[in-house]
Amino acid sequence: MIRMPLYAPLTTICRTLPDDRLSEAFCRGARRELLLTPKPGLVDVFDNGSHDDLNLIVMQQSIDLLPLYYHDLMAITLSPFDPEVVRTVGLAAEERMMIHCGTNTHKGYVFLSGLVLLALRYGRDLRHNLRQLSRQLFAGGRQSGSHGVACQHLYGCTGIVGECLDGLPSLFEHGLPCYRSYRNQGMDETRAGLALMGRLMQVVEDTTSYHRAGMHGATVIRHDGVVLEKRLAAGGQVEDWLVQRNHYYRQLNLTMGGVADMMALTFALDQLLDEEGAAS
Ligand SMILES: CC(C)(COP(=O)(O)OP(=O)(O)OC[C@H]1O[C@@H](n2cnc3c(N)ncnc32)[C@H](O)[C@@H]1O)[C@@H](O)C(=O)NCCC(=O)NCCS
Ligand SMILES: Nc1ncnc2c1ncn2[C@@H]1O[C@H](COP(=O)(O)OP(=O)(O)OP(=O)(O)O)[C@@H](O)[C@H]1O
């Protein structure tokens with residue numbers, strides 16, 4: 001028997017859900033990530049983690065800008081696909097974020113969520129669409145001087161580009177199945193969200209971690225991800241330990257923005273799967 005991938009029901013989501021519900025799912029995914037607390041090194045309800053330029057308010061303001069971006073993406077003609085048109089819409093969203101928030105609050109999530117929304121619009125095989133779209137979008141090369149390019153040269157970490165070219169394995173082979181499995185086992189949203197964070201800390205090749213604290217930083221996050229997920233799966237308490245790890249990450253100036261972006265994406269697709277299930 002051929003087992004359909006968990007995300008298979010999403011192939012028709014763009015035919016069953018109105019645009020504003022799609023947009024709301026991606027915004028809500030980012031909001032759920034932001035509010036999940038405590039998150040070592042990241043902005044949450046308790047503090048700004050290792051980010052002097054970010055805080056809860058500015059991250060929320062950034063999320064409030066996203067519907068404009070998704071509206072523009074949903075208006076793009078899909079055939080023939082023109083990567084320059086998509087790139088222009090994406091760059092406009094990044095510029096809007098910089099103008100209104102003064103810093104790159106959700107740079108990674110803007111790219112990732114836009115890519116997934118486009119892939120959903122094409123329907124059929126979501127991961128095939130993601131690989132195809134990524135190949136076309138990255139064919140023109142990347143913004144020079146970025147931290148991601150530097151990390152690829154220094155550490156061989158392919159970051160967001162490798163993740164997208166491979167069809168988002170951290171999302172479809174880890175994040176989504178892991179989160180939905182913990183929820184189906186009866187874990188509440190917060191604990192399942194923290195377990196999701198633990199799993200993504202183990203599998204995401206996050207350039208923000210390498211950029212901030214090199215190979216040591218990336219190793220710390222991978223190790224902590226194992227501890228976090230194991231403790232939660234065993235029914236243990238983790239909040240005090242996470243608060244202590246946040247203090248340690250701040251001392252190292254360590255963060256994990258890519259993990260945060262992939263968490264937000266997982267929450268967004270989790271909501272779309274629930275809505276698809278409700279609609280069918
Ligand atoms: C690819 C992007 C991120 C630019 O690459 P760049 O090298 O500048 O980014 P960099 O590698 O520094 O990472 C940016 C962000 O990605 C996130 N990230 C890092 N590692 C990972 C990872 N493994 N997985 C997911 N996200 C990650 C982090 O939050 C980081 O802040 C993107 O901004 C871009 O190309 N924009 C141009 C407009 C465009 O094409 N948009 C498409 C809309 S569909
Ligand atoms: N809750 C969050 N806290 C911090 N970063 C987050 C959060 N959610 C998502 N991110 C992602 O992490 C990125 C910020 O990470 P970081 O500040 O390390 O990137 P950078 O700007 O490339 O590096 P630097 O700030 O050192 O110049 C955001 O652009 C966003 O994509």
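For ligands, and for the atoms within them, numbers begin at 1 and follow the listed sequence. Side chains included, hydrogens not; waters and symmetry mates left out as well; all remaining heavy atoms used.
Between the side chains of T208 and H147, not a single donor N or O lies within less than 3.5 Å of an accepting N or O. Side chains of E84 and T88: a donor-acceptor N/O pair is absent below 3.5 angstrom, by distance only. In this model, no donor atom of one side chain and acceptor atom of the other lie less than 3.5 Å apart for E163 and T158. A side-chain donor-acceptor contact under 3.5 Å links H106 and S62. For the residue pair D224 and Y249, a side-chain donor N or O sits within less than 3.5 Å of a side-chain acceptor on the partner. Side chains of Q202 and R222: a donor-acceptor N/O pair is absent below 3.5 angstrom, by distance only. For the 3.5 Å distance criterion, the side chains of Q60 and D64 qualify, holding a donor opposite an acceptor.
Nearest protein heavy-atom contact of atom 30 (C) of ligand 2 is T105 O, 3.2 Å. The protein heavy atom nearest to atom 10 (N) of ligand 2 is D261 OD1, 3.7 Å. Scanning the protein for heavy atoms near atom 11 (O) of ligand 1, the closest one is R142 NH2, 2.8 Å. The nearest protein atom to atom 23 (N) of ligand 1, hydrogens excluded, is given as E205 O, 2.7 Å; this is a heavy-atom distance. Of the protein's non-hydrogen atoms, the one nearest atom 19 (C) of ligand 1 is T207 OG1, 3.1 Å. Ranking protein heavy atoms by distance to atom 4 (C) of ligand 1, first place goes to Q143 OE1, 3.5 Å. At the shortest separation from atom 15 (C) of ligand 1 among protein heavy atoms lies G108 CA, 3.6 Å. For atom 3 (N) of ligand 2, the closest non-hydrogen atom of the protein is V43 N, 3.1 Å. For atom 31 (O) of ligand 1, the nearest protein heavy atom (residue, atom name, distance) is T208 CG2, 3.7 Å. Looking only at heavy atoms of the protein, atom 27 (C) of ligand 1 is closest to G258 CA, 3.5 Å. Given atom 12 (O) of ligand 2, the protein heavy atom at minimum distance is G257 CA, 3.1 Å. Annotation: atom 8 (N) of ligand 2 to nearest protein heavy atom, E33 OE1, 3.1 Å. Summary of contacts: the protein heavy atom closest to atom 36 (N) of ligand 1 is E94 OE2, 2.9 Å.
Here M215 is tied into one hydrophobic group with L154, Y155, Y210, each link being a pair of ILVMFWY side chains closer than 4.5 Å.
Of the possible donor and acceptor atoms, none in the side chain of D72 sits under 3.5 Å from a partner among the backbone N and O of V89. With hydrogens and angles ignored, the 3.5 Å screen pairs a side-chain donor or acceptor of N129 with a backbone N or O of G123. Side chain of Y109 to main chain of M262: no donor-acceptor pair is present (N/O by atom type, distance under 3.5 Å, no hydrogens or angles).
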Exercise for the section: Please test Y70 against S113 for side-chain hydrogen bond (donor to acceptor under 3.5 Å, both in side chains), starting from the C-alpha separation and ending with a verdict. Expected result: CA-CA 9 Å; Y70 300 139; S113 60; 2.8 Å; yes

Exercise for the section: Just do the side-chain hydrogen bond (donor to acceptor under 3.5 Å, both in side chains) check on Y182 and E229 with the steps written out, would you? Expected result: CA-CA 10 Å; Y182 283 124; E229 185 176 3; 2.7 Å; yes

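Per-residue contacts place L91 under 4.0 angstrom from the following atoms of ligand 1 (heavy atoms of the residue considered): 37 (C), 38 (C). Those atoms of ligand 1 that come under 4.0 Å of a heavy atom in D206, given as number and element, are 19 (C), 20 (N). Contact atoms of ligand 1 toward G257: 29 (O) (distance under 4.0 Å to a heavy atom of the residue). Close contacts of ligand 1 with L115, meaning ligand atoms under 4.0 Å from a residue heavy atom, involve 44 (S). Against a heavy-atom cut-off of under 4.0 Å, T255 is close to the following atoms of ligand 2: 18 (O). Residue L112 has at least one heavy-atom neighbour below 4.0 Å for each of these atoms of ligand 1: 25 (C), 26 (N). Residue N104 approaches ligand 2 through these ligand atoms, each under 4.0 Å from one of its heavy atoms: 20 (P), 21 (O), 22 (O), 28 (C), 29 (O). Contact atoms of ligand 1 toward G148: 10 (P), 11 (O), 12 (O) (distance under 4.0 Å to a heavy atom of the residue). Remark: ligand 2 atoms within the under-4.0 Å shell around heavy atoms of L42 are 2 (C), 3 (N), 4 (C), 5 (N). Distances below 4.0 Å separate heavy atoms of Y69 from the following atoms of ligand 1: 43 (C), 44 (S).
The proximity of H147 to ligand 2, defined as any non-hydrogen pair under 4.0 Å, is limited to the side chain. The side chain of M262, and not its backbone, has at least one atom closer than 4.0 Å to an atom of ligand 1 (non-hydrogen atoms only; side chain from C-beta on). With a 4.0 Å cut-off on non-hydrogen atoms, D261 touches ligand 1 through its side chain and not its backbone. Only side-chain heavy atoms of F138 come within less than 4.0 Å of ligand 1; its backbone N, CA, C and O stay farther off. Residue-level proximity to ligand 2 for V110 is absent, since no heavy atom of it falls below 4.0 angstrom.
Applying side chain to side chain contact (heavy atoms under 4.5 Å, CB included) to I160 and the options L112, L115, T207 leaves one that passes, L112.
Considering backbone and side-chain atoms together, K107 places an N or O closer than 3.5 Å to an N or O of ligand 1. An N or O contact shorter than 3.5 Å is missing between T208 and ligand 2 by distance.
Salt bridge status for E24 with R31: present, with a side-chain N to carboxylate O gap under 4.0 Å. A salt bridge links E275 to R21: at least one charged side-chain nitrogen sits closer than 4.0 Å to a carboxylate oxygen. At a threshold of 4.0 Å, the pair D82-R87 does not count as salt-bridged, since none of the basic side-chain nitrogens sits closer than that to a carboxylate oxygen. Note on D274 versus R180: salt bridge recorded, some NZ/NE/NH1/NH2 to OD/OE distance being below 4.0 Å. Electrostatic pairing of R199 and E173 does not count as a salt bridge here, judged by no charged N lying under 4.0 Å from a carboxylate O. Under the 4.0 Å criterion applied to side-chain N and carboxylate O atoms, R183 and D188 are not assigned as salt-bridge partners.
Atom 3 (C) of ligand 1 has its nearest heavy-atom neighbour, among L73, I160, V110, D72, in I160. With A150, S146, P83, A264 as candidates, the residue nearest to atom 7 (O) of ligand 1 on a non-hydrogen basis is S146. With distances taken over non-hydrogen atoms, the option nearest atom 16 (P) of ligand 2 out of H51, H106, M59, M97 is H51.
For the ligand labelled ligand 1, residue Y210 lies outside the 4.0 Å heavy-atom shell. Put simply, no part of T207 is less than 4.0 Å from ligand 2, judged by heavy atoms. Contact annotation: R212 has at least one heavy atom less than 4.0 Å from an atom of ligand 2.
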